[in-house]
Amino acid sequence: MTDHDTAPEPEAVPFETPDLHGAFPRLTPEQIEFLARHGERRPVEAGEVLFQEGRPCGEFLVILSGSVVILDSYGTPDEHIIRVHGPGRFLGELGLLQGQAAFSTARVRDSGEVLAVPVDRLRRLVVEDPVIGDVILRAYLARRSLLVGQGAGFRILGSRYSPDTRRLREFAARNRLPHRWVDLETDREAEALLRRFGITPEETPIVIWREEQLLRNPSNAELARLIGLPTPAFDESVGDLLIIGSGPAGLAAAVYGASEGLDTTVVDAIATGGQAGTSSRIENYLGFPSGISGAELADRAVIQAHKFGARITVPADATALESHDGHYRVTFADGSQAAGHSVILATGARYGRLPVPGIERLEGTGVYYAATVYEALECRMDPVAVVGGGNSAGQAVLFLSDYSPRVYLVVRGDDLGANMSRYLVDQVERHPGVRVLLNTEVREVIGKETLEALVVEDNRTGERRSLDARALFVFIGAQPCTAWLVGGPALDSRGFVLTGREAEACAVPGVWESRGRGCLPLETSLPGVFAAGDVRSGSVKRVASAVGEGAMAIHLAHHYLGSPGGAAGTS
């Protein structure tokens with residue numbers, strides 16, 4: 001399909017929200033006609049609600065005539081208009097494609113006509129048609145970012161010192177869910193909300209949506225159900241492929257596995273995207289010369305995987321892996337189980353913690369392990385520090401420099417280029433708002449309730465000094481997420497999963513001889529269980545290599561499923 005730039009656009013309605021960064025494009029008549037072949041036209045009346053905050057929407061809506069207002073906090077005393085759209089524009093945001101509940105309400109302002117396309121058809125069109133698909137995807141991703149920045153969606157009311165508050169905030173942030181945190185200690189709104197709902201401070205944290213839905217200290221799974229995320233619902237069937245982890249490696253495996261006809265299930269303990277999902281901008285990934293955020297990369301991959309029929313479930317925290325009756329079974333923290341003839345371990349690695357006394361008390365209130373818009377908004381206009389010498393640290397520095405007047409990069413080594421890509425080193429060193437501190441380590445955090453300053457030390461001279469910083473972002477090392485694999489596949493001395501010849505040397509005697517073959521390159525010491533991405537011993541810790549390993553693991557899984565002693569005939 002060709003986008004005709006010369007085609008006349010419908011006239012904008014008065015007070016229409018201007019198009020910001022491609023978030024509110026107007027479709028051409030040709031694009032609308034193309035979509036009309038997959039949907040139906042219907043009249044709408046002023047005051048009619050097209051979709052409502054907190055409820056799922058099954059249609060993609062294009063305004064043909066009339067106008068529509070987008071409302072936040074619909075039906076509450078805080079209701080207000082956040083957008084106005086006229087003919088040629090389409091409604092919705094990223095949650096529509098991912099099956100989530102709507103985070104805003106659409107109400108007809110001026111009577112007219114809309115085109116309604118079922119969401120299932122839209123998902124196929126987004127992937128299959130490169131022009132219109134890119135228009136819709138870019139708009140939806142931009143709209144999600146705008147909603148996040150505006151604090152739309154649900155509210156989390158809780159204390160900054162509460163571990164459960166930090167858990168809920170992390171889950172919402174990692175899943176890129178529009179929400180707002182109401183700090184029990186400092187936010188003026190907190191006391192009014194407690195009175196309104198008859199809640200005592202001891203009963204927090206609570207999640208509030210639309211004044212009519214309130215959850216008291218919900219689990220991550222309960223919050224996921226409220227939003228419409230696909231939560232665990234496993235049956236007794238044994239699928240072809242079970243993927244544990246949904247970072248770049250896991251999502252790549254999901255896309256390639258499902259597209260090649262394998263019955264594919266993906267699970268993750270927290271959110272899709274893995275550590276890459278917290279990266280503000282990845283500039284060295286093939287095919288994206290201007291860079292792409294980890295969140296956008298993950299969201300695009302999720303849509304692709306869904307298109308091919310992969311099932312993605314979050315949150316599902318794996319706790320055990322065992323061989324069972326010729327296949328593998330994974331047990332989760334809630335007691336549920338899922339089974340697969342083959343398994344791909346793609347659980348990745350978590351960034352390490354600084355060995356600094358008292359740092360735990362400030363985690364989530366000044367000390368962070370991700371640099372996304374959520375964290376950046378918490379420390380807007382304050383000086384911040386980033387610890388680390390790798391690409392993740394460099395990307396965080398450049399991202400935070402858009403929000404903070406001064407960003408310190410604390411590196412314990414004497415060469416910024418030792419572990420950081422040259423293109424990042426050049427940008428960091430040239431940036432006027434960034435100060436690089438080499439041969440420097442954090443020794444102390446100052447502040448009881450929030451971070452007030454850091455004490456850093458020159459590791460050559462031992463000289464210490466105070467560093468004015470209101471937030472600390474930590475990107476040092478990586479610890480594999482393999483604690484749950486005790487008694488399972490062989491691990492190296494640091495806990496990463498061994499594969500190939502190293503795994504074969506640690507396998508149970510005779511296991512490979514009985515199969516008449518050796519261990520495959522990404523196969524673990526358990527036949528049919530593969531490892532891909534950061535969790536694998538010896539892997540290159542880059543997004544591109546993780547994606548490549550995820551794709552390669554599918555090729556090897558096919559080999560296993562079709563081999564003698566594998567699961568031939570299951571796919």
Side-chain angles (χ1 to χ4, degrees), residues 1 3-4 7-20 22-72 74-75 79-129 131-144 146-147 152 228 303:
M1 174 178 162
D3 189 354
H4 297 283
E9 291 187 349
E11 184 178 351
V13 298
F15 312 114
E16 186 177 48
T17 304
D19 184 13
L20 302 173
F24 313 118
R26 202 180 308 281
L27 297 177
T28 67
E30 289 79 11
Q31 290 171 332
I32 293 174
E33 184 59 34
F34 171 76
L35 289 169
R37 296 199 293 269
H38 303 273
E40 64 176 8
R41 301 170 184 261
R42 68 165 183 256
V44 292
E45 301 295 330
E48 181 180 343
V49 173
L50 302 179
F51 58 78
Q52 188 169 329
E53 179 180 343
R55 299 177 184 176
C57 178
E59 297 177 321
F60 172 74
L61 299 171
V62 181
I63 304 171
L64 301 178
S65 62
S67 64
V68 173
V69 293
I70 306 300
L71 305 169
D72 185 33
Y74 172 71
E79 176 183 316
H80 61 281
I81 295 174
I82 57 175
R83 311 271 187 266
V84 179
H85 298 306
R89 288 193 176 179
F90 54 87
L91 307 180
E93 56 93 44
L94 189 62
L96 179 70
L97 292 174
Q98 297 185 343
Q100 298 171 6
F103 288 96
S104 58
T105 297
R107 186 175 65 199
V108 179
R109 187 181 71 169
D110 300 306
S111 299
E113 186 181 32
V114 299
L115 170 65
V117 179
V119 172
D120 288 343
R121 294 185 188 176
L122 177 69
R123 290 193 186 105
R124 293 196 296 270
L125 294 175
V126 164
V127 178
E128 293 170 358
D129 190 287
V131 175
I132 201 165
D134 194 60
V135 170
I136 294 171
L137 266 181
R138 285 186 178 277
Y140 275 5
L141 290 163
R143 293 180 192 185
R144 173 57 64 94
L146 289 172
L147 286 175
I303 293 169

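Only this structure's heavy atoms are used, side chains among them; waters, hydrogens and symmetry mates stay out.
Counting only residues at least two apart or on different chains, the ring pair (Phe, Tyr, Trp, His ring centres under 6.0 Å) pairs with a member in residues 98-129 are Phe103-Trp209. Here salt bridge (Lys or Arg N to Asp or Glu O under 4.0 Å) pairs that include residues 52-66, with residues two or more places apart or in two chains, are Arg42-Glu59. A ring pair (Phe, Tyr, Trp, His ring centres under 6.0 Å) check over residues 41-64, counting only residues at least two apart or in different chains, returns the pairs Phe60-Phe90. For residues 88-99, the pairs satisfying salt bridge (Lys or Arg N to Asp or Glu O under 4.0 Å) are Glu16-Arg89, Glu93-Arg144, with sequence neighbours left out.
Evaluation of the side-chain contact (heavy atoms from CB on, under 4.5 Å) rule for Arg121 yields His38, Val117, Pro118, Arg124 as partners, not counting sequence neighbours. Residues satisfying the salt bridge (charged side-chain N to carboxylate O under 4.0 Å, His left out) criterion with Glu48, sequence neighbours excluded, are absent altogether. Under the rule for a side-chain contact (heavy atoms from CB on, under 4.5 Å), the partners of Val119 that lie at least two apart in sequence or sit in another chain are Leu96, Arg123. Glu33 is linked by a salt bridge (charged side-chain N to carboxylate O under 4.0 Å, His left out) to Arg41, counting only residues two or more places apart in sequence or in another chain. Shown here are the salt bridge (charged side-chain N to carboxylate O under 4.0 Å, His left out) partners of Asp19, two or more places apart in sequence or in another chain: there are none. Scanning for side-chain contact (heavy atoms from CB on, under 4.5 Å) contacts around Ser65 gives Glu113, with sequence neighbours left out.
Closest approach of Leu50 and Val44 over heavy atoms only: CD2-CG1, 3.8 Å. The two residues Ile132 and Asp129 come nearest to each other via the heavy atoms N-OD1, 3.0 Å. Considering all non-hydrogen atoms of both residues, Val68 and Ala106 come closest at CG1-CB, 4.0 Å. In plain terms, the two heavy atoms of Gly66 and Pro87 that are nearest each other are O-CD, 3.3 Å. Contact between Ser111 and Ala46 at its shortest, heavy atoms only, is OG-N, 2.9 Å. Gly22 approaches Pro25 most closely through the heavy-atom pair O-CD, 3.4 Å.
Here Arg26 contributes atom CZ and Thr28 contributes atom OG1; the two are 12.0 Å apart, rounded to the nearest 0.5 Å. Atom-to-atom distance recorded for Leu122:CG and Leu97:CG is 5.5 Å, nearest 0.5 angstrom. For the atom pair CG of Leu71 and CZ of Arg83, the computed distance is 11.5 Å after rounding to the nearest 0.5 Å. Phe24 CZ to Leu146 CG: the interatomic distance, rounded to the nearest 0.5 Å, is 5.5 Å.
With hydrogens and angles disregarded, a donor-acceptor distance shorter than 3.5 Å links the side chain of Thr17 to the backbone of Val84. A donor-acceptor distance shorter than 3.5 angstrom exists from the side chain of Arg143 to the backbone of Ala23, with no hydrogens or angles considered.
Using a 4.5 Å cut-off on side-chain heavy atoms (C-beta onward), Tyr140 and Val126 make no contact.
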Open item on the list: Before you tell me yes or no, could you show the steps for Leu27 and Leu35 under side chain to side chain contact (heavy atoms under 4.5 Å, CB included), namely the whole-Å CA-CA distance, both residues' side-chain angles and the distance that decides it to 0.1 Å?
Closed with: CA-CA 10 Å; Leu27 297 177; Leu35 289 169; 3.7 Å; yes
TODO: Would you check, one step at a time, whether the test side chain to side chain contact (heavy atoms under 4.5 Å, CB included) holds for Leu147 with Ile82?
DONE: CA-CA 10 Å; Leu147 286 175; Ile82 57 175; 4.2 Å; yes
